[in-house]
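All values reported here derive from a predicted model rather than from experimental measurement.
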Amino acid sequence: MLRTLRGRFVLSHILPLLIVIPLLGIATISLIEKRILTPTLLTELKSNAEVLSRFAADDQEIWQDSIYARQLLSQVSGPANGHLMILDSAGFLMASSDSADRELLGTKIDHPGYTTAASGEISMEISSSQNLGEDRVEALAPVINQQDQLLGYIRLSYEYSSFFRQLFQLRYLLTGILAVGLILGAGLGTILAFNVSNPIQEVTERIDALAKGDRGQGLQETGSVEIRRLSQAVNTLFDRLHSLEQARKRLLANLVHEIGRPLGALRMGIEALSHGADRNPEFFKELLAGMDQETVRLQQLLEDLSQLHEQALGFLELDRVKIDLQSWLPETLSPWRQAAIQKGLIWEMNIPKTLSSVIGDPLRLNQVLGNLLSNAIKYTPSGGKIQVEAGQIKDSLWLSVSDSGPGIAPEVQEAMFEPFVRGSQSTRFPQGMGLGLSIARELVEAHGGRLQLESELGAGAKFTVWLPLTP
């Protein structure tokens with residue numbers, strides 16, 4: 001039973017009943033016996049003994065004639081389960097309501113309560129008497145006349161077995177309550193166990209099916225709060241795995257496409273060289289330059305993939321140093337300024353001389369600006385404009401890269417920051433791996449900043465990097 005969650009639920013509802021109710025029953029019976037039944041029985045017995053002693057004190061003939069005392073008791077029916085004795089002042093039995101005591105008539109009856117009764121008080125005892133042969137509760141009441149003389153004793157007793165019969169009846173009642181409680185507990189535990197175990201079993205089956213490659217349908221988010229959260233987590237896992245699967249397929253397709261083109265170009269260059277292209281110096285120079293550009297593309301692709309791998313595994317680390325922006329920015333932007341001018345673009349740069357220094361990783365920030373400027377130059381047609389600006393607001397530094405390219409539609413702007421996402425042919429990013437913006441945003445966020453995009457179709461795009469001056 002303990003091997004399954006369902007069995008444990010059922011046991012968890014039965015076990016408290018098995019432990020608590022018997023203990024509660026024992027405590028209840030003990031309490032009733034000591035606080036209710038026994039005091040009540042003793043009080044009643046004491047009251048009856050006191051009444052009988054007063055009656056016997058008024059009838060002097062009882063103490064003068066034992067035969068009269070016996071006849072008197074024979075005419076009076078004894079109390080149910082009771083036993084009445086008349087003893088003289090020395091403790092000798094004069095009369096008894098029980099015919100079995102005939103042989104004891106005239107003999108002295110031992111009793112530990114003579115001393116108490118002789119002092120004028122009623123002695124109460126719960127004992128086992130060898131003469132009576134069974135447990136009894138009894139009262140020994142002194143009989144005193146008006147002259148304060150001790151005439152004898154009235155001994156009144158009840159069989160204790162009747163008292164125990166009441167306790168046994170109470171125990172039977174508690175046993176019945178326990179049985180009903182166990183049945184109800186087992187039924188309730190079974191219902192709750194099914195309500196809890198069925199959704200968990202369904203989740204387990206869905207995860208097992210997922211591990212075997214069966215995507216199937218998502219889980220219904222019903223039941224208790226914990227079950228709904230579990231179903232939500234599993235559904236999120238399904239969605240995430242589906243996204244990763246789609247990303248993997250796009251990655252493979254893009255890799256084949258992106259690596260295939262430069263490799264094809266290099267293969268064609270090698271083939272041209274093998275057929276004597278090196279004999280023409282001008283053609284040879286152009287061929288080497290083209291092959292070099294293709295290797296640069298492959299190198300950039302490998303760097304992007306390496307960066308993406310580090311981000312996925314959580315290995316992204318920053319070598320933070322103090323960066324003097326007045327000297328660092330011109331050096332970083334200089335190669336991109338030349339690339340823009342060579343393409344026939346207008347280059348504008350507005351860098352205030354009052355910029356504060358910033359704490360960051362210069363190589364990583366260089367990569368951020370490189371990705372933004374590379375996209376801006378690549379997708380801005382000849383005659384367009386590239387504008388780089390910088391400034392600071394309170395405790396934040398901002399660097400922006402603007403272009404006059406085709407722009408990005410508002411509905412796809414957020415998706416542009418996801419890996420392997422590219423725009424259509426009519427907008428930006430029609431080719432490439434779609435990793436540049438994803439890597440740039442990850443690096444900016446690693447510095448505690450954010451990357452902001454402002455763009456409209458046909459109106460260019462503006463990327464703004466916000467960095468805290470104090471990390």
Side-chain angles (χ1 to χ4, degrees), residues 29 32-170:
I29 291 174
I32 293 175
E33 178 183 357
K34 295 181 179 179
R35 298 294 180 87
I36 299 176
L37 294 181
T38 300
T40 301
L41 182 61
L42 293 177
T43 300
E44 181 181 358
L45 185 64
K46 184 177 180 180
S47 177
N48 292 337
E50 185 176 2
V51 172
L52 290 174
S53 66
R54 291 177 183 177
F55 174 78
D58 294 335
D59 193 347
Q60 296 293 328
E61 190 175 355
I62 294 176
W63 311 104
Q64 297 173 0
D65 187 354
S66 59
I67 296 177
Y68 171 77
R70 295 169 195 166
Q71 292 177 348
L72 182 63
L73 288 186
S74 63
Q75 296 175 0
V76 179
S77 60
N81 300 317
H83 189 189
L84 177 61
M85 287 184 176
I86 300 178
L87 306 173
D88 62 15
S89 59
F92 288 91
L93 180 61
M94 299 178 60
S96 175
S97 62
D98 190 355
S99 59
D101 293 337
R102 292 179 180 178
E103 297 180 358
L104 299 177
L105 294 174
T107 62
K108 187 174 183 178
I109 303 299
D110 295 330
H111 195 280
Y114 284 132
T115 303
T116 302
S119 64
E121 298 181 4
I122 298 177
S123 174
M124 306 299 300
E125 298 289 340
I126 300 177
S127 61
S128 176
S129 173
Q130 183 176 2
N131 293 333
L132 295 177
E134 58 184 13
D135 291 341
R136 291 176 179 271
V137 54
E138 59 183 39
L140 185 65
V143 180
I144 301 175
N145 60 15
Q146 295 180 354
Q147 290 75 29
D148 291 333
Q149 294 178 344
L150 180 63
L151 300 178
Y153 303 96
I154 296 295
R155 182 178 179 181
L156 180 63
S157 63
Y158 285 109
E159 293 182 2
Y160 210 52
S161 58
S162 62
F163 173 70
F164 278 111
R165 279 196 296 270
Q166 299 179 49
L167 294 181
F168 281 125
Q169 292 176 359
L170 181 61

- Task: Would you mind telling me which of Ile122, Leu52, Val137 makes a side-chain contact (heavy atoms from CB on, under 4.5 Å) with Leu156?
- Result: Leu52
- Note on the structure: Exactly one of Asp98, Ile154, Asp101 clears side-chain contact (heavy atoms from CB on, under 4.5 Å) with Met85, and that residue is Asp101
Does [X] reach the main-chain N or O of [Y] with its side chain, forming a donor-acceptor pair under 3.5 Å?
| X | Y | answer |
| --- | --- | --- |
| Trp63 | Ala69 | no |
| Arg70 | Met94 | yes |
| Gln60 | Ala57 | yes |
| Ser47 | Glu44 | no |

Hey, what do you get for [atom1] ([X]) to [atom2] ([Y]), rounding to the nearest 0.5 Å?
| X | Y | atom1 | atom2 | value |
| --- | --- | --- | --- | --- |
| Thr107 | Leu93 | OG1 | CG | 6.0 Å |
| Asp65 | Leu72 | CG | CG | 11.0 Å |
| Gln147 | Asn145 | CD | CG | 4.5 Å |
| Ser53 | Arg155 | OG | CZ | 16.0 Å |
| Ile62 | Phe55 | CD1 | CZ | 5.5 Å |
| Lys108 | Leu87 | NZ | CG | 10.5 Å |

- List the steps, then state whether side chain to side chain donor-acceptor pair (under 3.5 Å) holds for Glu138 with His111. CA-CA 11 Å; Glu138 59 183 39; His111 195 280; 2.4 Å; yes
- Note on the structure: Closest non-hydrogen contact found for Ala141 with Ala49 is CB-O, 3.8 Å
- Query: Of all heavy-atom pairs between Asp148 and Ile144, which one has the smallest distance, and what is that distance?
  - Reply: CA-CG2, 3.4 Å
- CA sep, side-chain torsions, deciding dist, call: Leu140, Tyr114, side chain to side chain contact (heavy atoms under 4.5 Å, CB included): CA-CA 8 Å; Leu140 185 65; Tyr114 284 132; 3.7 Å; yes
- Query: Using 4.0 Å as the upper bound for N to carboxylate O, is an ion pair formed by Lys46 and Glu50?
  - Reply: no
- Item | Chi angles and distances behind the side chain to side chain donor-acceptor pair (under 3.5 Å) call for Ser97, His83 | CA-CA 6 Å; Ser97 62; His83 189 189; 4.6 Å; no
- Query: How about Asp88 and Tyr153: does a side-chain donor come under 3.5 Å of a side-chain acceptor?
  - Reply: no
- Message: Set out, in order, the CA-CA distance, both residues' side-chain angles and the distance that settles side chain to side chain contact (heavy atoms under 4.5 Å, CB included) for Val143 and Leu150, then state yes or no.
- Response: CA-CA 6 Å; Val143 180; Leu150 180 63; 5.7 Å; no
